[in-house]
Amino acid sequence: MNKLVKSLLVAAAFSLSAGASSAYAQDEAKSLDQLLELVKENRAASQRINAQREAEFTSERADKQALLNDAKRQLANEKARGERLQAQFAENEIALANKEQELQNALGTLGEIVGVARGAASDTIGRIATSIVSAQYPGREDVLETIAEAKEVPTIAELEELWLAWLTEMKESGKVVTFNSDVTLLDGSTENRDVTRIGVFNLISQGEYFNYNDAAEEIQPLGRQPEGYVLATVEAFEDTETGYEGLYIDPARGQILNLATQKATLEERYHQGGTVGYVITVALIVGFLIAIYKFITLGIEGAKMRAQLKNTANPSDKNALGRILKVYQENKTADTENLELKLDEAILRETPSIESGVNIIKILAAIAPLLGLLGTVVGMIGTFQSITLFGTGDPKIMAGDISMALVTTALGLIAALPLILVHAIVASRAKSIVHVLDEQAAGIVAAHAEKKE
């Protein structure tokens, strides 16, 4: 180690001497004595610097040692504190368990009362909050929520509120009461109305059914009112001042009414038939128009013929029987066979005008169910296309085509049945007129034959 230090000092001396030599070379002082003095001065300066550094290091070392000792002391203190706190925590846990046990022992049967009260309050909240009685008496469930969420023993006042909530619900379930309240309409506006509450079942106002929205605490009308015969009872009930009046109520507290409003009306079902359904309707209308026309024309013709029967001596060209009688008058001198042929020819001329349109009604009656079958086939084709594209996961996708298939079948049958009946009536009326013509013609021929004999 000493050798290494000496070597370093020699090297430093050489470097300093080289620097000094260059400096003295500049100052033109090149003697060895000056160089030696310079080296000594530099050496003394280096020793002073090193001594100063060693003193600073020694001082800092003492400070660091003091800090280390303080840190070790603090660590020991914190460890001791942690052990004390851990022991105290264990003691507190034991004391807390003992206190809880003491509390349970002190409560005795009161703990059961807390559980029963909380359970009863929880069960009652849903019924009270959704009851339409809350539309008239809002905020009844607030006290029940306090009881249901409380951990302490309920007070007498709170238990009385729970009791009163039950009694109020039972009492109001048997009353029909009219009260004034704000009603939220379908367009979002609010209107103050007199609302009639039917027990705990329904709310009605101005001939309509209403629901109570417990989430918004609002009285709202149904999205679509039930059928007309149901609403007619509401109007009659509201107009009754004395006595009794029947009314449709919903024992499911509005659920059945909501389901009923989702049912398709007759008009909506009709439009589900689509184009085929419209064609069937056109066929039915055309058949009825023809039937009405034939009823009128045949009725007029029958009346004219009955009038002609009362005056056979003066035949008229304005009815079929009069024209046949004229043929007889024009051929009185003919023999029986020719007269019979002339009368048959006259009847044949009258028959087409009498029976015209009757067969069209029959054809339409036969076409209607065939159109219904066509709609069924079209609907089933659409159903299978939907299954191919979307699968069978969502039945609503196929519902439209299935509805079309069934509705068109029903429309075809509905159109065919009255058309068949109407055709039978019209055909019977036409045959009766033709039968009168045949009967009169046969009588004329028989009378003419008797005269000839």
Side-chain angles (χ1 to χ4, degrees), residues 1-119 121-122 125 141-158:
M1 185 66 180
N2 293 331
K3 291 181 180 180
L4 179 58
V5 173
K6 290 179 180 180
S7 299
L8 292 173
L9 291 174
V10 171
F14 276 114
S15 63
L16 291 172
S17 62
S21 297
S22 61
Y24 277 103
Q26 293 176 1
D27 298 337
E28 297 181 357
K30 300 180 180 179
S31 63
L32 293 175
D33 293 333
Q34 292 177 346
L35 179 59
L36 180 61
E37 290 295 330
L38 181 60
V39 171
K40 288 180 179 181
E41 290 177 359
N42 289 335
R43 180 180 179 183
S46 297
Q47 289 177 352
R48 287 194 302 272
I49 293 171
N50 291 334
Q52 184 179 358
R53 288 178 178 176
E54 289 177 359
E56 291 177 356
F57 178 75
T58 302
S59 176
E60 291 179 356
R61 180 180 180 185
D63 294 337
K64 298 298 183 183
Q65 186 64 38
L67 293 175
L68 179 60
N69 293 336
D70 291 340
K72 288 181 178 180
R73 217 169 23 254
Q74 291 178 3
L75 178 60
N77 293 334
E78 293 297 328
K79 285 183 177 180
R81 181 171 174 271
E83 292 174 356
R84 289 195 306 273
L85 292 176
Q86 188 174 2
Q88 185 179 357
F89 179 78
E91 293 175 358
N92 291 338
E93 285 289 329
I94 296 172
L96 183 60
N98 294 333
K99 294 297 182 183
E100 288 181 352
Q101 186 61 40
E102 292 177 6
L103 177 61
Q104 294 297 327
N105 295 335
L107 285 175
T109 56
L110 290 178
E112 297 180 5
I113 295 177
V114 174
V116 171
R118 292 179 62 184
S122 299
I125 287 174
E141 68 278 5
D142 296 340
V143 177
L144 302 180
E145 291 177 355
T146 303
I147 299 174
E149 297 173 358
K151 296 183 179 179
E152 65 275 3
V153 178
T155 63
I156 298 298
E158 290 176 339

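Going from atom CG of Leu96 over to atom CD of Glu91 covers 13.5 Å, rounded to the nearest 0.5 Å. Interatomic distance, Arg81 CZ to Gln88 CD, rounded to the nearest 0.5 Å: 10.0 Å. Here the CD atom belonging to Glu37 is positioned 5.5 Å from the NZ atom belonging to Lys40, to the nearest 0.5 angstrom. Atom-to-atom distance recorded for Asn69:CG and Gln74:CD is 11.5 Å, nearest 0.5 angstrom. Summarising the geometry, atom CD belonging to Gln101 is positioned 8.5 Å from atom CG belonging to Asn98; distances are rounded to the nearest 0.5 Å.
Two residues are said to be in side-chain contact when any heavy atoms from C-beta on lie closer than 4.5 Å; Leu68 and Lys72 meet this criterion.
Residue-environment remark: CD (Gln86) stays at or below the threshold of 12 foreign heavy atoms within 6.0 Å.
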